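Here the structure comes first, spelled out in structure tokens, and everything after it is commentary.
Keep in mind that this is a model prediction, so the values were computed, not measured.
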Amino acid sequence: MQHIFSKVRKAVEDFEMIEEGDKIAVGVSAGKDSLTMLYTLSFMRRFYPKKFDVVAITVDMGFEGMVFLPIKEFCDKIDVEFHLVPSQIKQIVFDIRKEENPCSLCANLRRGILNSTAKSLGCNKVALGHHLDDVVETFFLSLFFEGRIYCFSPKTYLDRTQITTIRPMIYLKEHDLRAAARKLELPVITNPCPANGKTNRQRMKEFVKSLKQFHPATKDLVFNAIKRNIWGLKD
């Protein structure tokens, strides 16, 4: 866990993600990434020199059989305020729109609900659980499917909602988070989305893994190139 804390703190400080008095809403999907981030930020607030508070927000997308009580119990255990927000995202995306490629619309709807809920709770920042692998996969998705050199930013201010989005886990790899979730026995809930594992992102995840055969450090090299040339952060 020391590795997790040090990497998150470095990302926070490199991109000035946390300021004195921040109230940060953590978007908790109930997957390993967001739960690890929630635990890490809840722990960091005890010793980080700039005082901040954390609340957890879970958007219930409307899939049948989802039980979020373990998430609430986990939040109670780490002394974090928990908010479950009902939505009709599943109905809109799969039943009404019948989207063949649902991820973009689904993500936009979830972010909209998350940001508006965060604003109503008095939060000025929203933390998302993207990690290093997500960064590299997003870069290649933009390159191969949109023909542009792009990747999301570690920190983004949204004028319309006056919310700043931060991604404190961008220096961590997915296997780090998988190990942390096991060690902490986090209450991970399996993603019930019918598109799970069948998306272009899943294909890109497999492509990025395959790059090891050309060079073991390809993923790290691509990430460092993004950090220097897109985010403008020098080593």
Side-chain angles (χ1 to χ4, degrees), residues 1-29 31-59 71 74-83 85 107-108 110-135 138 150-173 176-177 180 184 186 223-224 226-235:
M1 289 308 300
Q2 186 59 42
H3 174 70
I4 300 285
F5 293 136
S6 64
K7 289 288 188 180
V8 168
R9 181 160 184 167
K10 178 168 174 52
V12 165
E13 293 179 351
D14 279 353
F15 297 98
E16 300 178 344
M17 294 184 188
I18 295 178
E19 299 295 338
E20 183 74 29
D22 279 347
K23 186 174 183 181
I24 303 173
V26 177
V28 179
S29 67
K32 68 182 187 313
D33 303 338
S34 60
L35 286 170
T36 303
M37 180 176 63
L38 176 62
Y39 176 85
T40 303
L41 290 179
S42 72
F43 189 85
M44 275 183 61
R45 65 183 168 170
R46 303 177 192 174
F47 63 83
Y48 195 67
K50 296 177 181 179
K51 299 303 179 185
F52 67 96
D53 198 10
V54 175
V55 300
I57 300 174
T58 294
V59 178
I71 308 301
F74 176 68
C75 288
D76 290 342
K77 182 179 178 181
I78 61 175
D79 193 26
V80 169
E81 188 179 310
F82 174 69
H83 297 270
V85 186
N108 287 336
R110 280 188 291 120
R111 276 196 298 267
I113 295 171
L114 177 59
N115 290 339
S116 62
T117 303
K119 185 72 175 176
S120 72
L121 294 172
C123 300
N124 64 315
K125 289 181 178 172
V126 168
L128 302 179
H130 296 114
H131 46 68
L132 186 149
D133 296 67
D134 292 323
V135 171
T138 298
Y150 166 82
C151 184
F152 53 71
S153 298
K155 176 182 173 183
T156 306
Y157 178 71
L158 307 172
D159 288 308
R160 187 171 60 83
T161 57
Q162 298 180 316
I163 290 282
T164 299
T165 299
I166 60 174
R167 295 174 167 91
M169 299 202 302
I170 52 170
Y171 288 164
L172 287 163
K173 295 181 180 178
D176 296 322
L177 304 177
L184 295 169
L186 298 177
F223 178 79
N224 288 332
I226 292 168
K227 189 168 67 170
R228 289 191 303 269
N229 298 295
I230 296 180
W231 297 341
L233 186 69
K234 304 305 178 184
D235 294 331

Begin with the C-alpha distance, continue with both residues' side-chain angles, and end with the deciding distance and a verdict on side chain to side chain contact (heavy atoms under 4.5 Å, CB included) for Lys227 and Tyr171.
CA-CA 10 Å; Lys227 189 168 67 170; Tyr171 288 164; 3.7 Å; yes
Do Val135 and His130 pass the side chain to side chain contact (heavy atoms under 4.5 Å, CB included) test, and can you show the C-alpha distance, the side-chain angles, and the key distance before you say yes or no?
CA-CA 7 Å; Val135 171; His130 296 114; 5.7 Å; no
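The structure places CG of Asp33 at 11.0 Å from CG of Asp176, a figure rounded to the nearest 0.5 Å.
Side-chain atoms of Asp53 and Arg45, non-hydrogen and from C-beta on, do get closer than 4.5 Å to each other. Using a 4.5 Å heavy-atom threshold, the side chains of Met17 and Thr164 count as separate. Proximity of Ile57 to Leu121: side-chain heavy atoms (C-beta onward) are separated by under 4.5 Å at one or more points. At least one side-chain heavy atom of Leu35 sits less than 4.5 Å from a side-chain heavy atom of Ile71. Inter-residue side-chain proximity for Thr58 and Phe82 is flagged as met; some heavy-atom pair is nearer than 4.5 Å.
Judged as a side-chain hydrogen bond (donor to acceptor under 3.5 Å, both in side chains), the pairs with a partner in residues 111-128 (not counting sequence neighbours) are, in order, Asp22-Asn124, Asp22-Lys125, Asn108-Arg111, Lys119-Gln162. Residue pairs meeting the side-chain hydrogen bond (donor to acceptor under 3.5 Å, both in side chains) criterion with at least one partner in residues 34-43, sequence neighbours excluded, are Ser29-Ser34. For residues 4-29, the pairs satisfying ring-ring contact (aromatic ring centres under 6.0 Å, His included) are Phe5-Phe43, Phe15-Trp231, with sequence neighbours left out.
For Lys23, the NZ atom counts as densely surrounded, since its 6.0 Å shell holds more than 12 non-hydrogen atoms of other residues, nucleotides or ligands. Heavy-atom neighbours of Glu13 CD from other residues, nucleotides or ligands within 6.0 Å: above the threshold of 12.
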